[in-house]
Amino acid sequence: MNLNLFNTLTGKVEVLAPEPGKPLGIYACGPTVYDYGHIGNFRTFLEVDVLRRTLKLLGIPVRHVMNITDVDDKIIRNAAALNQPIGEYTARFEKAFFEDLDALRVQHPEIIARATEHIDQMVKLIQRLAENGAAYQTEDGSWYFRLAAFPAYGKLSKKDLTGMVDGARVDVDEYEKDSARDFALWKAAKPGETSWDTPIGRGRPGWHIECSAMSMEYLGETFDLHAGGEDLTFPHHENEIAQSESVTHKTFARHWMHVRFLLVEGRKMSKSEGNFYTLRDLLIKGFKASSIRLALISVPYSNQMNFTVDGLIDATAAIERLRTFHARLVEAHLEPGSTELKASAEQAETTFRAALANDLNTAEARAPIFELVRMANTALDKNQMLAGDRDAILETLVFFDSVFDVMEDHDAEATRHAIEWAVAEGRSAEIDPKLMAGLSLSDADVDNLIAERTAAKKSRNFARADQIRDELAEKGILIEDSKEGVRWKRK
RNA sequence: GCACCGGUGGCGAAGUGGCUAACGCGCUGGUCUGCAAAACCAGUAUUCGCGGGUUCAAUUCCCGCCCGGUGCUCCA
């Protein structure tokens with residue numbers, strides 16, 4: 001099955017397919033590692049994760065490159081304030097970034113490319129641009145891209161620059177540029193700032209050049225897909241196209257995918273609005289990593305989504321439904337054979353795949369899975385499910401989870417890491433007290449208490465049994481009695 | 001100001017020129033249960049921001065208005 005994906009460049013939904021015999025090349029803009037990632041950042045990485053998992057589901061091999069921007073103005077400023085080398089400063093946030101990705105079960109790209117490790121490639125690109133007359137050096141030693149050298153500028157963001165007049169917003173720092181809209185390729189070293197000694201002078205790279213240099217390094221001069229947040233369309237991606245195509249005279253990326261922004265509680269996320277969340281903020285407040293993952297990916301990437309605490313609670317309930325069902329299904333004692341439920345499971349899988357193949361419509365993809373859960377629960381209630389049905393349903397769930405990845409419970413681990421981090425950072429006061437109470441009880445402790453409750457129930461000592469259940473509930477542990485025995489879960 | 005995107009039940013959110021407008025959460029009633037939980041059943045939008053238009057037929061296409069969001073140089 002083909003993946004149909006909206007292409008920002010053409011404004012149409014088009015088939016995304018690799019060249020015969022080659023993996024599909026993806027370059028996705030990664031983080032600037034100057035702070036902890038917020039949920040807006042992670043929405044983008046999560047949606048790209050949905051993309052790569054869907055490609056795999058459809059049998060399309062992937063070569064996915066992500067950059068790490070580990071040198072820029074903010075990094076230099078913040079590292080200087082702490083009196084640290086920038087490498088030491090960025091290492092901390094890069095590590096945190098990958099811990100967060102792991103908590104959210106975002107698969108790692110095949111290739112991680114750090115800007116500071118590709119200075120040579122960037123310098124060579126700037127040299128080639130200079131040879132073409134598309135780059136020029138100013139008196140202070142900085143290099144700029146000459147927009148006038150690239151008439152197609154604006155084709156991605158659909159901007160017509162002919163009506164834009166120079167001079168309106170000239171940065172005082174950049175008075176030497178030929179045109180106010182020319183952008184920096186290379187920034188001349190300022191005293192005390194991190195810099196590299198290169199054939200084009202001492203300095204550091206501008207922001208856009210790293211993505212051109214590193215995508216070409218790992219994916220070639222033309223590649224299949226470039227992805228990122230919608231804010232990057234202009235100027236970042238537009239500038240990448242200008243730089244790259246001015247050198248190669250070939251199409252840079254054939255397909256462009258942009259993830260829409262999210263709102264938080266109906267408003268733009270911002271620190272001043274008080275609705276700015278890092279992943280870690282949410283984890284230590286007691287929200288589960290899986291809930292955050294499901295909430296963020298359940299709205300298709302192409303739609304603006306409203307991230308809310310209520311939405312997180314909803315996602316938690318939805319995941320509980322799936323996990324409870326899965327446990328019930330696995331435990332059930334079934335006779336051999338199969339019923340029409342088997343065909344329903346196969347149909348659900350087909351619908352699931354088709355929805356994802358249709359521009360990654362995750363909302364539509366979820367629906368047949370939940371419908372299947374309801375049908376299967378009904379059959380289990382009526383004792384009408386057979387072993388062959390179960391096999392088919394489990395298979396469908398495997399495909400579902402190969403993209404959604406919320407069935408298995410890894411949440412306690414992610415939460416524990418976040419708590420350890422908060423303690424180490426001196427932010428213990430922000431940790432939800434119930435979370436701490438729950439963690440004080442080990443799985444073995446819970447099992448022991450449940451055994452005691454079962455014994456109490458057997459001797460019809462319901463008062464004691466209910467007391468144990470209430471005690472556990474206070475620590476966020478819920479008990480479910482079933483035919484197959486007692487199940488429990490951490491809320 | 002200019003450009004683009006969106007407004008669907010209590011909430012979130014798909015979708016379609018014409019079958020009962022998915023799915024999740026919530027709520028109400030019932031079944032089951034020692035009581036719960038889980039699960040199931042039934043109910044929960046005669047209607048898709050407002051006003052026009054096109055059409056045999058519009059929530060779906062067109063126009064206007066109102067509201068929300070985003071972009072307009074380094075923010076995913």
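Everything numeric here is computed off the predicted structure, so don't read it as measured data. Chain letters run A, B, ... following the sequence lines, proteins first, then strands; residues in each count from 1.
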Determine whether more than 12 heavy atoms belonging to other residues, nucleotides or ligands lie under 6.0 Å from atom CZ of A/R77.
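More than 12 heavy atoms, drawn from other residues, nucleotides or ligands, come within 6.0 Å of this atom.
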
Within a radius of less than 6.0 Å around CD of A/E331, do more than 12 heavy atoms belonging to other residues, nucleotides or ligands occur?
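Yes - once you tally the heavy atoms of other residues, nucleotides and ligands closer than 6.0 Å, there are more than 12.
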
A/S142 versus A/D140, side-chain donor and acceptor atoms under 3.5 Å
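A pair is found: one side chain offers a donor N or O, the other an acceptor, under 3.5 Å apart.
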
Looking only at side-chain N and O atoms, does A/T233 offer a donor or acceptor that is under 3.5 Å from a partner on A/E238?
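Checked: A/E238/A/T233 side chains show no N/O donor-acceptor pair below 3.5 Å.
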
Writing each nucleotide of RNA chain B 5' to 3' as (, ), [, ], | or . by Watson-Crick or G-U pairing under 3.5 Å yields (((((((..(((.....[....)))((((((.......))))))....(((((..]....))))))))))))....

Residue [X], side-chain heavy atoms: nucleotide from [options] that is nearest:
X: A/R260; options: B/rC5, B/rC25, B/rA22; result: B/rC5
X: A/A367; options: B/rA14, B/rU70, B/rA22; result: B/rA22
X: A/A363; options: B/rA76, B/rA22, B/rA39; result: B/rA22
X: A/W207; options: B/rG34, B/rC74, B/rA37; result: B/rC74
X: A/N377; options: B/rG34, B/rA39, B/rG24; result: B/rA39
X: A/V299; options: B/rG34, B/rG71, B/rA14; result: B/rA14
X: A/P300; options: B/rA13, B/rU73, B/rG24; result: B/rA13
X: A/A317; options: B/rG26, B/rC35, B/rC74; result: B/rG26
X: A/E230; options: B/rG24, B/rA76, B/rU70; result: B/rU70
X: A/L262; options: B/rC35, B/rC72, B/rA76; result: B/rA76

Between [N] atom [atom2] and [X] atom [atom1], what is the distance in whole Å?
X: A/M257; N: B/rA76; atom1: CE; atom2: P; value: 17 Å
X: A/F276; N: B/rA76; atom1: CZ; atom2: C1'; value: 11 Å
X: A/R366; N: B/rG15; atom1: CZ; atom2: P; value: 14 Å
X: A/D381; N: B/rG30; atom1: CG; atom2: C1'; value: 14 Å
X: A/N303; N: B/rC23; atom1: CG; atom2: P; value: 19 Å
X: A/L472; N: B/rA37; atom1: CG; atom2: C1'; value: 13 Å
X: A/F307; N: B/rU70; atom1: CZ; atom2: C1'; value: 19 Å
X: A/F42; N: B/rC75; atom1: CZ; atom2: C1'; value: 15 Å

According to a strict under-4.0 Å criterion, is [X] in side-chain N/O contact with OP1 or OP2 of [N]?
X: A/K489; N: B/rA38; value: no
X: A/R374; N: B/rC23; value: yes
X: A/N361; N: B/rG15; value: yes
X: A/T378; N: B/rC41; value: yes

Whether [X] and [Y] hold their rings parallel, tilted or perpendicular, with breakpoints at 30° and 60°:
X: A/F352; Y: A/F404; value: tilted
X: A/W207; Y: A/H236; value: parallel
X: A/H258; Y: A/H237; value: tilted

Looking for any heavy atom pair under 4.0 Å, which part of the strands does [X] touch: base, sugar-phosphate only, or nothing?
X: A/E320; answer: nothing
X: A/K74; answer: sugar-phosphate
X: A/P368; answer: nothing
X: A/F370; answer: sugar-phosphate
X: A/R321; answer: sugar-phosphate
X: A/E371; answer: sugar-phosphate
X: A/R328; answer: sugar-phosphate
X: A/H38; answer: base
X: A/N306; answer: sugar-phosphate
X: A/S482; answer: nothing
X: A/G40; answer: base
X: A/L478; answer: nothing

Answer yes or no: side-chain N or O of A/R469 and base N or O of B/rA36 forming a donor-acceptor pair under 3.5 Å.
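Between B/rA36 and A/R469, which were checked side chain against base, a qualifying N/O pair under 3.5 Å is present.
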
Do A/D231 and B/rG71 have a side chain to base donor-acceptor pair shorter than 3.5 Å?
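Checked by distance alone, the answer is no.
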
Check each of A/D359, A/T362, A/T44 against A/Y301 using the side chain to side chain donor-acceptor pair (under 3.5 Å) test, and report the only one that passes.
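Filter result, single survivor: A/D359.
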
Can you tell me how far P in B/rC25 sits from the matching atom in B/rA13, rounded to whole Å?
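One P to the other, the span is 16 Å.
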
In whole Å, measure the gap between the P atoms of B/rA22 and B/rU46 for me.
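Approximately 13 Å lies between the P atom of B/rA22 and that of B/rU46.
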
Here's a test of your reading of the structure: between A/E364 and A/R460, which maps to the more 5' nucleotide of RNA chain B?
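Per heavy-atom nearest nucleotide, the more 5' residue is A/E364.
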
Nearest nucleotide by nearest heavy atom, which residue falls closer to the 5' end of RNA chain B, A/D481 or A/G206?
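Final value for this comparison: A/D481.
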
Which residues pass the side chain to side chain contact (heavy atoms under 4.5 Å, CB included) test with A/S215, sequence neighbours left out?
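In terms of side chain to side chain contact (heavy atoms under 4.5 Å, CB included), with neighbours along the sequence ignored, A/S215 is linked to A/Y27, A/F223, A/F252.
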
Less than 6.0 angstrom separating the ring centers of A/F98 and A/H108, yes or no?
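Between A/H108 and A/F98, which both carry aromatic rings, the centre distance is below 6.0 Å.
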
Given A/R490, A/K491, A/K288, the one that forms salt bridge (charged side-chain N to carboxylate O under 4.0 Å, His left out) with A/E320
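So, applying the salt bridge (charged side-chain N to carboxylate O under 4.0 Å, His left out) to A/E320 and each of A/R490, A/K491, A/K288, only A/K288 qualifies.
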
